[in-house]
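See below for the structure under consideration.
Below, chains carry the letters A, B, ... as their sequence lines are ordered, and counting in each starts from 1.
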Number of protein chains: 2
Amino acid sequence: MPPPLEPPPDTTAHPDGGAALPPDLVTVALSVDLVLLTVREERLQVLLVRRGIEPFLDRPALPGGFVRPGEDLAEAAVRELAEETGLRHPPAHLEQLATYGAPQRDPRGRVVTVAFLALAPQSRTPIAGTDAAASYWGPVATADDGPGLAFDHATILADGLERARSKIEYSAAATAFCEPEFTVAELRRIYELVWGARLDPRNFHRKVTGTAGFLVPTGRFTTRDGGRPAELYRRGDAPVLHPAMLRPVPRLP
Amino acid sequence: MPPPLEPPPDTTAHPDGGAALPPDLVTVALSVDLVLLTVREERLQVLLVRRGIEPFLDRPALPGGFVRPGEDLAEAAVRELAEETGLRHPPAHLEQLATYGAPQRDPRGRVVTVAFLALAPQSRTPIAGTDAAASYWGPVATADDGPGLAFDHATILADGLERARSKIEYSAAATAFCEPEFTVAELRRIYELVWGARLDPRNFHRKVTGTAGFLVPTGRFTTRDGGRPAELYRRGDAPVLHPAMLRPVPRLP
DNA sequence: ACCATACTCGTCAGATTGACGAAAACCTCC
DNA sequence: GGAGGTTTTCGTCAATCTGACGAGTATGGT
């Protein structure tokens, strides 16, 4: 049986007119968890780690860790991301997803976790694993098969996927999956794999090139996709798309 | 100077194979804050409380409080909502907004808060104040004038407003502001006040009555708005609107 | 009875989408 | 070096949706 935990929250020694938190306050351990998505090998994949300790020993889990003193939430997320992937710079897209705090979600005690959604191209996530060397990419389609994710991470992953699918509808976030320069077809492949749907290449081309601020043409071309050379584009500066690019199958059948 | 806080997190006495949280773990106090919006007196208003204790004594703040042991986050939000407004049932719309955990956001120590967004009709928020008797409605346009909101609540309020403005675009959440039965004009007034924009009554009528699952006609009529009798509607069961109802002024001017 | 008010239905041009034809510009293979 | 395959890119066309606005309908007030 583990001993009672130390220390209490560092809520003292603040020069503030004698104001203090209530003495009977419940405190919780605070962690961040990451839903880091990328497109690899023609599939949407998520970064997972194999847990090296109890509970859920050897089970797959989302990468994450505890927030440190004096650290902001997004700061902790960026740090964990760097530790788990060797990622130098913050990813092109990182946003807070939601917070999960069910009382029994961690059998060790009250742990509340703030989940973040990150999107990154394959090239910038070498997984030079330092902290949890057991990190690996898992296809999202089967990520919750097999042993099953630790804690409530299956729920977090599902929420992250839904957020990603929805986000690329009305924002340019899908470019976060791409290399700095990419073709329209590569971007279309992102949409198709994230949504799990086929898109018409001609209509997609018209849409993305016609939406102001979405793509910036470079004037250079590549043939890496085979066929006729395709122009290379860079991300534009439009944070939102107007009008949105809607998923083919409406939400209500 | 306040004494060190007790107790440490209740992370012990869990029968779980001896797994325990790390002993040097940072713990935080956890609170929920509410952005409760309603439409009153032809204005979009937010529920505020005047703080009765330090820090930020007598300053306006968002209603909220600390999460209790064994309590889930949404549960704590509903409880606080009931305590601050006398609201019996959970509001028609309640969703997690975001979590704010900057290290210095509370001068008393490390307090992380999970903010919720709630939308309610005026009739169901009598403010039979029990807990913080000093709760009151403030117009959002001037809510951050005057003394200024406590803590980072101005940021939370701004995020909540943006979420609400965006949410009613692609979901039927605006009906959460309405009484159980309402006219198209009353719903249109909601949109106009939340967005701060004029909408054409004829196009709005066509849009909301033509979107499947948005409104359910009751067959009954009212003349409470003056003029020709208007049909009364109830909320439909469509969680999302397809296509969305877009704000008149695009996000990027 | 008349008028002001507000709801509801219609019309019409412009924008956007989905489906699809077809040309352009590369590749590989024979 | 040409044939055939692949992929990008440009157009066309009908259907749908939006924004602007005209007009009729059904009340309440004076």
Side-chain angles (χ1 to χ4, degrees), chain A residues 42 168-170 178 181-192 195 197-233 238 240-253, chain B residues 42 168-170 178 181-192 195 197-233 238 240-253:
Chain A
E42 289 292 295
I168 66 176
E169 279 193 307
Y170 58 89
C178 298
E181 298 195 345
F182 53 90
T183 68
V184 171
E186 288 161 0
L187 182 62
R188 174 167 49 84
R189 204 81 195 100
I190 300 292
Y191 274 91
E192 291 182 334
W195 283 345
R198 278 227 185 282
L199 300 177
D200 184 275
R202 297 158 293 190
N203 292 338
F204 184 85
H205 187 276
R206 176 182 60 189
K207 174 71 177 172
V208 297
T209 57
T211 300
F214 194 176
L215 301 184
V216 178
T218 66
R220 280 173 299 112
F221 291 80
T222 181
T223 63
R224 62 187 179 216
D225 299 329
R228 172 174 170 176
E231 184 160 12
L232 287 166
Y233 291 86
V240 299
L241 300 187
H242 185 75
M245 172 145 39
L246 295 177
R247 272 175 274 193
V249 180
R251 290 84 152 197
L252 291 185
Chain B
E42 289 292 295
I168 66 175
E169 279 192 309
Y170 59 90
C178 297
E181 298 195 346
F182 53 90
T183 67
V184 172
E186 288 161 0
L187 181 63
R188 174 167 49 85
R189 204 82 195 100
I190 300 292
Y191 273 91
E192 290 182 333
W195 283 345
R198 277 230 186 280
L199 299 177
D200 184 274
R202 296 159 292 188
N203 292 336
F204 184 85
H205 187 277
R206 177 183 59 190
K207 175 71 177 172
V208 297
T209 56
T211 300
F214 194 177
L215 301 184
V216 178
T218 66
R220 280 173 298 113
F221 291 79
T222 181
T223 62
R224 63 187 179 215
D225 300 329
R228 172 175 167 177
E231 184 160 13
L232 287 167
Y233 291 85
V240 300
L241 300 187
H242 185 77
M245 172 145 40
L246 295 176
R247 273 176 274 193
V249 181
R251 290 85 150 197
L252 291 185

Against the side chain of B:Pro229, the closest entry in D:dT27, C:dT8, C:dA24 is D:dT27

Out of C:dC7, C:dT11, C:dA25, which nucleotide sits closest to the side chain of B:Asp225?
-> C:dC7

What integer distance in Å separates B:His205:NE2 from D:dG19:P?
-> 17 Å

In whole angstrom, what separates B:Glu231's CD from C:dT8's P?
-> 7 Å

Selected nucleotide, minimal atom distance to A:Ala185 side chain, candidates C:dT11, D:dT8, C:dT17 = D:dT8

Which sits closer to the 5' end of DNA chain C, B:Glu186 or B:Arg206, going by the nucleotide each is nearest to?
-> B:Glu186

Looking only at side-chain atoms of B:Pro243, point me to the closest of C:dT17, D:dT18, D:dA26.
-> D:dT18

With the side chain of B:Arg202 defined as its heavy atoms from C-beta on, choose the nearest nucleotide among C:dT17, C:dC9, C:dC27.
-> C:dC9

Picking from C:dA19, D:dC17, D:dT9, the nucleotide nearest the side-chain atoms of A:Val184 would be D:dT9

Taking only the side-chain nitrogens and oxygens of B:Lys207, find out if one of them lies under 4.0 Å from OP1 or OP2 of D:dC17.
-> no

A:Arg228, nearest nucleotide to its side chain (from D:dA20, C:dA25, C:dG18) | C:dA25

How large an angle, rounded to 10°, do the end axes of the helix from C:dA1-D:dT30 to C:dC30-D:dG1 enclose when each is built from five base pairs?
-> 10°

